[in-house]
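Remarks on the structure that follows.
Residue numbers begin at 1 in each chain, while the letters A, B, ... track the order of the sequences. Keep in mind that this is a model prediction, so the values were computed, not measured.
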Amino acid sequence: MKAFAAHIQFEIRNAVRDRSLLLMNYLFPLVVYLTIGAIMTKLNPTFKQALIPSMIMFGILSSMVLSLPTPLVTARESGIFRSYRINGVPTSNILIVPALTSFLHMIVVGLIILFTAGPLFGASTSIHYGWFILAFVLICFACAGFGILIGVISKDSKLTILYSQMIFLPSTMIGGIMIPASMLPGSLNRIAHLLPTSYARELFDISLGAPLTPHVVWPIFVLLSSGILCFLMASLLFRWDSQVKYKKKNPLWGLVVIAPYVAGALML
Amino acid sequence: MKPESNQTFTGPVISVDKLIVNYDEFKAVDEISFHVHPGEIFGLLGPNGAGKTSTLECMEGIRQRTSGSIKILGEDPKTNFRQLRNLIGVQLQSSGLPNTMTVEEAIRFFCTYHQVAVDYSLVERFGLTEKRKVQYSSLSAGLQRRLVLALAMVHKPRVIFLDEPTAGLDVHSRVELHQIMNELRGNATSIILATHDMAEAEKMADRVAILLKGRIVSTGTPRALTLSGSELTKIMVNTANNCLGKNQSIFPGVLSSDFGEDYATYFTATPGPTVAALISEIEFRGDTLIDLRVVRPSLEERFLEITQTKNN
């Protein structure tokens with residue numbers, strides 16, 4: 001436990017010292033929040049209702065889907081995992097600690113957005129915090145899972161960017177960040193439900209006053225099961241070393257994690 | 001049996017038996033066996049691709065072997081890596097640390113994982129005291145190497161694996177490392193030293209094994225290995241009146257000789273009798289001995305002889 005705490009402590013410091021992590025965890029999400037908040041709330045006043053969850057989801061995507069995987073690939077390539085292994089750092093810590101520190105950064109970003117969106121942009125702050133926290137934790141869990149899995153299965157940094165963008169770009173366009181998936185036409189709505197943010201948006205909407213229906217179990221199930229599957233597959237497919245070519249596991253097994261999303265899209 | 005840090009091993013601390021490592025069709029390590037005893041520095045020598053690193057990595061538990069058995073302190077590193085991790089120290093040829101990790105943080109981080117009290121004494125010994133707050137990426141390659149060496153020893157392991165430890169180190173750090181290795185040997189810590197540096201192996205290792213194409217082609221103490229070769233001992237003599245150059249007597253064991261301006265040089269298979277005869281000759285001729293040097297064949301020469309013969 002002491003080692004785990006020391007590892008977390010170092011990762012937090014690392015995120016502050018590493019400029020690219022600082023950019024993706026704080027600067028990029030907050031600049032986008034300020035820009036979107038200033039523009040969109042003027043162009044479309046109804047967006048004030050969704051500003052807080054949208055920008056929090058954007059921050060989570062930036063921190064966890066875009067930023068989490070690359071350090072994992074770099075660490076494997078540069079022999080950091082080898083050093084960790086010979087010194088007894090367990091796989092679980094290597095996978096959980098970066099996810100957990102990103103989660104802590106997202107709490108900070110989320111609080112900044114939560115407390116400034118109202119005064120700055122007149123965003124709706126009438127929130128049911130129970131549902132809000134549930135949505136926040138679940139989307140963080142699902143996105144951290146994707147980030148970690150991408151870092152584990154990517155052969156190099158270029159592939160990492162490609163895989164991350166495959167989630168990030170559609171999520172920002174049709175995944176409920178700018179437009180709720182329910183406003184999309186039928187087939188596009190189904191495609192949108194292959195993305196974690198669509199489900200998170202449903203839960204955030206409940207926190208903002210949308211009616212509670214039995215259907216709510218689906219987003220909870222999809223986000224939770226996908227997060228669990230991602231971490232499970234990441235630990236199974238984890239490689240300490242890019243040099244040791246022995247019993248290489250097929251990264252295509254990682255595709256298993258989209259099963260809950262496919263089920264969710266089919267259940268619409 | 002679980003190895004405990006205070007448990008004393010009277011037998012070999014490392015036993016490698018018929019180790020084979022294959023990479024697809026390529027046989028990197030081909031049925032090698034050796035033992036290492038407590039407090040012994042065991043050198044693994046060989047040209048590039050001889051199988052040194054593969055052998056080391058199997059012993060360290062970070063590479064899977066194809067067959068054979070390995071026991072480190074009575075445990076198999078393949079199956080009981082966790083039990084061994086606090087008892088072995090490893091300095092890898094290719095390993096890294098997070099760029100933003102400072103020297104101090106690295107020591108604290110790995111001490112915590114090894115469940116030992118944080119100890120900065122090695123930081124001082126490796127000349128890193130002034131760099132304690134410096135991040136890994138800002139250290140020079142030599143300083144990075146020193147830090148990795150310190151990390152391999154910081155938890156006071158009973159077996160240490162060093163893979164090319166002095167590559168990139170300056171003279172002071174090299175001397176300090178050798179001193180630390182000698183101290184560790186005195187404390188019954190066993191060291192496996194994989195190196196290309198024959199002078200280092202000759203100076204530090206109690207025994208060496210020469211690997212070639214995945215097989216051990218020669219093993220023994222550096223002295224025994226050098227003596228078993230066909231290379232001759234060189235004896236260089238300088239006298240006040242250069243009596244040896246003027247009178248080319250025949251000395252026992254001498255197979256060839258060379259006479260320079262100051263030194264007479266003899267190549268002999270039996271240095272003892274040759275030296276005795278040379279001194280008698282100098283006395284007999286009433287000359288004064290100024291300098292006498294006996295240069296045994298080095299481990300490097302013997303290594304080249306072995307590897308060339310086996311390659312041919």
If you tally heavy-atom pairs under 4.5 Å between each of Arg82(B), Met101(B), Glu60(B) and chain A, the highest tally belongs to Met101(B)
How long is the gap from CZ on Phe109(B) to OG on Ser83(A), to the nearest 0.5 Å? 10.0 Å
A quick test of your reading: do over 12 heavy atoms of other residues, nucleotides or ligands sit less than 6.0 Å from CE of Met173(A)? yes
Working to the nearest 0.5 angstrom, can you tell me the gap between Asn87(A) CG and Leu151(B) CG? 6.5 Å
What distance separates Thr112(B) OG1 from Met1(A) CE, expressed to the nearest 0.5 Å? 13.5 Å
Nearest-0.5 Å distance that lies between atom CZ in Phe81(A) and atom CD1 in Ile62(B): 14.0 Å
Arg85(A) side chain reached by Phe81(B) side chain, heavy atoms, under 4.5 Å: yes
Using heavy-atom distances under 4.5 Å, tell me whether Gln135(B) contacts chain A through its side chain, its backbone, both, or neither. side chain
Between Glu57(B) and Arg82(A), is there a salt bridge with N-O shorter than 4.0 Å? yes
Would one find more than 12 heavy atoms of other residues, nucleotides or ligands at under 6.0 Å from atom NZ of Lys78(B)? yes
Atom pair CZ (Arg17(A)) and CD (Glu105(B)), whose distance is rounded to the nearest 0.5 Å: 4.0 Å
As an exercise: rank Arg13(A), Lys2(A), His7(A), Gln9(A) by heavy-atom pairs under 4.5 Å with chain B and give me the winner. His7(A)
If you count heavy-atom pairs within less than 4.5 Å of chain A, which of Ser54(B), Pro157(B), Gly61(B), Pro98(B) leads? Pro98(B)
To the closest 0.5 Å, what do you measure between CG (Asn93(A)) and OH (Tyr113(B))? 3.5 Å
Scanning both residues in full, the closest heavy-atom pair of Ile86(A) with Leu92(B) reads CD1-CD1, 3.8 Å
